[in-house]
Trainee: 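Pasting a structure below so you can have a look.
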Amino acid sequence: MTWGKGDHPAKEATMSEPRDEYQRRLAKLSRLKRQGQDPFSHHSYRRSHVTAQLQSNFAEWAGQQVSVAGRIVAVRGHGKSIFVDLQDASGTVQVYAQVDVLGEEEYARFQDLDLGDIIGVQGELFRTRSEEVTVRCEQFELLAKALRPLPEKFHGLQDQELRYRQRYVDLLANAEVRKIFETRSRIVQVARDHLIEQGFLEVETPVLQPLYGGAAARPFTTYHNALEMQLYMRIAPELYLKRLVIGGLERVFEIGRVFRNESIDTRHNPEFTILEAYQAYADYEAMMALTEGLVGAMCQAVHGGLQFTYQGNEIDLTPPWRRIALLDAIEQYSGVTLSGIADAQTAREQAVAAGLQAETIEGQSLGYIIDKLADRFVEPELVQPTFITDYPVQISPLAKRKADAPELTARFEPFIGGEEIGNAFSELNDPLDQRERFEAQVAARAAGDEEAHPLDEDFIRALEYGMPPTGGLGIGIDRLVMLLADQPNLREVIFFPLLRPSGQ
RNA sequence: GGGCCGUUAGCUCAGUUGGCAGAGCAUCGGACUUUUAAUCCGAGGGUCGCAGGUUCGAUUCCUGCACGGCCCA
């Protein structure tokens, strides 16, 4: 055994209580264990109610014995009695401990509890003079000891970095944060119910893929030891879900995590949740109706109607949503007329004239310039729900061409609150055209576009077996949660957003 | 990748034009049996993100780094 300087074995017995809160509680824990009161020995606790039930059904249980369990989040001592607030998943309830109810010994044990401890309490339900619903503590158990102190009771935990790194503290200290995640859960549940009601089958497809595809993004790579092969984390489930449609599953959907190896900001996390749905014998217009129905149902569940406020903007999701073709929207919001322009050079000149920085689009393709123009001039304006339609075929390698305009695709992206929330199209089911599109992507990749699709031979082979005309829809769940929970930062709707290690 | 900002007690935040570092909550001791951001009296608690530099002296000024935030790309 080694001692630090100044340490002396004889001192231990006379050493005063450690000053540090953690050390203090650790010492208390070991004392409890020595006394045969190990707080971590409990395997369960029988509750008669959760706290919210006591609050809402007080009259029914007043004067009766109830039992609740939760975390001590506030303590107000009065000498011979103590009030504590007990928090569980449903809310809080006050507990009142009195020496003449508990007896000296049990009361002393109650006094010994710390803020943050998890206890079970049994006793009579009553209201105090000030009408507070309260459980009179007649029996209690310490169910888990908190060794670390809670954040400040009034402001909660504010430090964003700590909130994300230690989300558990954020959740237990900040009720608004819990609400956001409850909203998130409800949104996913509603989406699932809505699709299942309409005859969609929920499926799961591979996250680890020998070849990635279905979106323009760089993948994460990983390695399978036994197979001795590189694998990719999926960037989208699209190509597998379409394989299922080819297999005869006419309506399928998947809600799952996808992974894109890109930078992190207020709107991007390397892993996020996507909902994709595919419906055979339907086109992109059917997907518009599906989008309106889905997002409307989510909003209904969260806000009780089709209107809500996002960052100060009143938004109305009543269908039908506005529709406007991409090039028309660009013309309307930036003044740049691109219809009829085939060469990138002319488009670049016009874009620069409209206000885009020349360096950012220098040497870029027409599709890229269209993207940039839409990003800069169109998307921020799309506060009310809007379908931007008719994307050029060059930037839509998996979408079917429009019959009357083969350089455009039967595709749309829905926007709400200035945010892109999804992507949908009539799926390309011509295997020969699909091969050509993939080949154009491979050429783009060779020219330096790292987000271009690789050629997926097995997917083309699947198409060669025949895929019915199919409409497909992808929706970014995280973005929708941001909108419906009125949060401007994606990290507020993801429990554990990716951060650099703090080094501690 | 670039710009700006932040990092001070367990938490929320002040502050130091360069000279022994502050409050509230939390903690500890005392009083208080219907309080609820309880109240009252008293006390302890700091590597001022990290590493250099300038200086008699740096938490403060300078440089670099780390992590985070916001904006731009």
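Numbers restart at 1 for each chain; the letters A, B, ... are given by sequence-line order, proteins then strands.
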Trainee: In the structure shown, which nucleotide is the Watson-Crick or G-U wobble counterpart of B:G64, with both distances under 3.5 Å?
Mentor: B:C50

Trainee: Heavy atoms from C-beta onward define the side chain here; which of B:C28, B:C70, B:U12 lies closest to that of A:T266?
Mentor: B:C70

Trainee: Start with the C-alpha distance between A:R184 and A:T273, add both sets of side-chain angles, then the distance that settles side-chain hydrogen bond (donor to acceptor under 3.5 Å, both in side chains), and finish with yes or no.
Mentor: CA-CA 11 Å; A:R184 181 179 178 121; A:T273 301; 3.1 Å; yes

Trainee: Can you identify which nucleotide, out of B:U33, B:G68, B:C70, has its nearest atom closest to the A:Q98 side chain?
Mentor: B:U33

Trainee: Picking from B:G69, B:U35, B:U27, which would you name as closest to the side chain of A:T134?
Mentor: B:U35

Trainee: Under a 4.0 Å threshold between the charged nitrogen and the carboxylate oxygen, would A:E413 count as salt-bridged to A:R411?
Mentor: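 A:E413 and A:R411: salt-bridged.
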
Trainee: Do the charged groups of A:E106 and A:R109 touch, with an N to O distance under 4.0 Å?
Mentor: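 Looking at A:E106 and A:R109, the cut-off is met.
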
Trainee: Nearest-Å distance, CZ (A:F154) to C1' (B:C11)?
Mentor: 14 Å

Trainee: Which is true for A:R491 with a 4.0 Å heavy-atom rule: it touches a base, it touches only sugar-phosphate, or it touches nothing?
Mentor: sugar-phosphate

Trainee: Can you tell which of B:U33, B:G68, B:A73 lies closest to the side chain of A:K80?
Mentor: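 The answer is B:U33.
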
Trainee: Measure from the side chain of A:R76, starting at C-beta and using heavy atoms only, and say which of B:G69, B:G24, B:U36 lies closest.
Mentor: B:U36

Trainee: Look for any protein N or O under 3.5 Å of an N or O in nucleotides 21-23 of chain B and output each such pair with its distance, or none.
Mentor:
none

Trainee: Counting any heavy atom closer than 4.0 Å, what does A:G77 reach on the DNA or RNA strands: base, sugar-phosphate only, or nothing?
Mentor: base

Trainee: Please report the distance separating the P of B:U47 from the corresponding atom of B:C4, rounded so that it comes out in whole Å.
Mentor: 31 Å

Trainee: Counting heavy atoms from C-beta on, name the nucleotide in B:G68, B:C11, B:A38 closest to the side chain of A:H78.
Mentor: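 Closest nucleotide among those given: B:A38.
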
Trainee: When you compare B:U36 with B:C28, how far apart are their C1' atoms, in angstrom units rounded to a whole number?
Mentor: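 Per the computed distance, 23 Å lies between those C1' atoms.
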
Trainee: Quantified in whole Å, what is the P atom distance between nucleotide B:U34 and nucleotide B:G29?
Mentor: 22 Å

Trainee: Which value, in whole Å, describes the distance between the P atoms of nucleotides B:G45 and B:G22?
Mentor: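 So the two P atoms sit 13 Å from each other.
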
Trainee: If I pick the C1' atom on B:C40 and the same atom on B:U59, what distance separates them, to the nearest angstrom?
Mentor: 35 Å

Trainee: Take atom C1' in B:G42 and the same atom in B:C32, then report the distance between them in whole Å.
Mentor: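 Straight-line distance between the two C1' atoms is 16 Å.
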
Trainee: For A:R178, does the CZ atom sit with more than 12 other heavy atoms under 6.0 Å from it, leaving out its own atoms?
Mentor: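 Yes, the 6.0 Å shell around CZ holds more than 12 heavy atoms from other groups.
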
Trainee: Applying salt bridge (Lys or Arg N to Asp or Glu O under 4.0 Å), can you list everything that pairs with A:R71, at least two apart in sequence or on another chain?
Mentor: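 Checked A:R71 against salt bridge (Lys or Arg N to Asp or Glu O under 4.0 Å); zero matches.
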
Trainee: Checking A:E105 now: which residues fulfil salt bridge (Lys or Arg N to Asp or Glu O under 4.0 Å) with it, not counting sequence neighbours?
Mentor: none

Trainee: Quick test of your reading of the model: are A:E492 and A:R163 salt-bridged, counting only N-O distances below 4.0 Å?
Mentor: yes

Trainee: When you compare B:G2 with B:A9, how far apart are their P atoms, in angstrom units rounded to a whole number?
Mentor: 30 Å

Trainee: Taking only the C1' atom of each, what is the distance from B:A58 to B:G19 in whole angstrom?
Mentor: 10 Å

